[in-house]
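So you know, we letter chains A, B, ... as the sequences are listed, proteins then strands, and number each from 1. Note that the structure is predicted; figures quoted are calculated from it, not measured.
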Protein chains: 2
Amino acid sequence: MDISARTDYAVRAMLALAAAEGEGPVSVDALARAQGLPGKFLEAVVADLRVAGLVQSRRGAHGGYALARPAAEIVVGEVFRAVSGPLAEVRGLRPQDTSYTGVAEHLPALWVAVRSSLRDVLDRTTLADLLAGDLPAHVRDLLEQPEAWVNR
Amino acid sequence: MDISARTDYAVRAMLALAAAEGEGPVSVDALARAQGLPGKFLEAVVADLRVAGLVQSRRGAHGGYALARPAAEIVVGEVFRAVSGPLAEVRGLRPQDTSYTGVAEHLPALWVAVRSSLRDVLDRTTLADLLAGDLPAHVRDLLEQPEAWVNR
DNA sequence: TCTAAATCCGATCGAGTCAGTAGGAAATTA
DNA sequence: TAATTTCCTACTGACTCGATCGGATTTAGA
């Protein structure tokens, strides 16, 4: 799992918008300055978020972007998919669309399990959760595993 | 999570070797034919597995590769790391090495949780499990979630 | 000792992705 | 009209990815 700069920036921009909920639109420039991100690049990222319907835009002076829905109803997985496609792919295929013969017969089940476990984290954590540092119980359990914070 | 051809091939080759446990070394050519993989490319993949100590090689006629440990003691996560590095990275950094300010303050916890959930699948499933189609109970639970097998 | 079968090693290739930049058209507010 | 801001297209340089080629080295067996 390689979380790209693109995806990282998208989540951070969404968090900044979540923090500004109800305060009118925020410009890309303001978002970029707030999180220290390259403005022009962020512009393209936010464009993806708009196409996906996660944010609304207003052009012109005093324009900018705002969340299309309340932060408590937008899940991190949606942000991922908007800017970098499906959560899990195997050689460009969806996990359940892979097919193997012989000894690898049961591999698709493993790939589906991988996707399912990612969903359990990313599709259950909302922007509001993340902003408050109040992650879902099941996600907190993952962090409390003995070696969760060290390399392996 | 993009599971590359490289990683897919590595797991399939390891499964083929697991199936041939105790039967002497298997050549890359035999592995490639068994799973329908590009031979020369697989050669490079298997080389990574050797450097990581997951397989042992024997050169010359009747040479080939064999598992370095029993299939029941090799976990899929090891194969992943051998051929494609750490399970989870954020802009090239380990999850716990990321740092943010302001609204993104709690992001590292999410990244660590993502890695932890991947480990729960990949570091708990052995080659023997996968070969037998007998996945760990906790992994099977993931597959039984309502929409595990459909796109989202 | 010769030969065939293998691993091993390095170089190369084309296509694509990735992070980031540049420039300007269109829209909106004041 | 002027300033602001989204929107769109194009481009860059560096890197990755899947795959191939050619050959050096090692080994088993006839």
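- Annotation: of the two residues near DNA chain C, A/G60 and A/R6, the 5′-most nearest-nucleotide partner is A/R6.
- Residues B/D120 and B/R124 are in side-chain contact: their nearest non-hydrogen atoms beyond the backbone lie under 4.5 Å apart.
- One can place NE2 of B/H62 at 7 Å from P of C/dA6, the figure rounded to the nearest angstrom.
- Contact annotation: B/Y9 side-chain N/O to D/dG18 OP1/OP2 distance is not under 4.0 Å.
- Taking every heavy atom of both residues into account, B/V103 and A/A19 meet most closely at CG1-CB, 3.6 Å.
- B/E73 is not listed as a side-chain neighbour of B/T126, based on a closest heavy-atom distance of 4.5 Å or more.
- With C/dC8, C/dG20, C/dA5 as the choices, the nucleotide that has an atom nearest any side-chain atom of B/S57 turns out to be C/dC8.
- Ion pairing between A/R115 and B/E147 fails under the 4.0 Å rule for side-chain N and carboxylate O.
- Comparing D/dT25, C/dA19, D/dT6 by their nearest atom to the side chain of A/R59 picks out D/dT6.
- The side-chain heavy atoms of A/D8 and B/Y100, taken from C-beta on, include a pair separated by under 4.5 Å.
- For the side chain to side chain donor-acceptor pair (under 3.5 Å) with A/R81, the lone residue among A/T7, A/D123, A/D48 that qualifies is A/D123.
- A heavy atom lying under 4.0 Å from DNA chain D marks the following residues of residues 19-53 of chain B, by number: B/P38, B/K40, B/F41.
- Side chain of B/Y65, nearest nucleotide from D/dT4, C/dT7, D/dA19: C/dT7.
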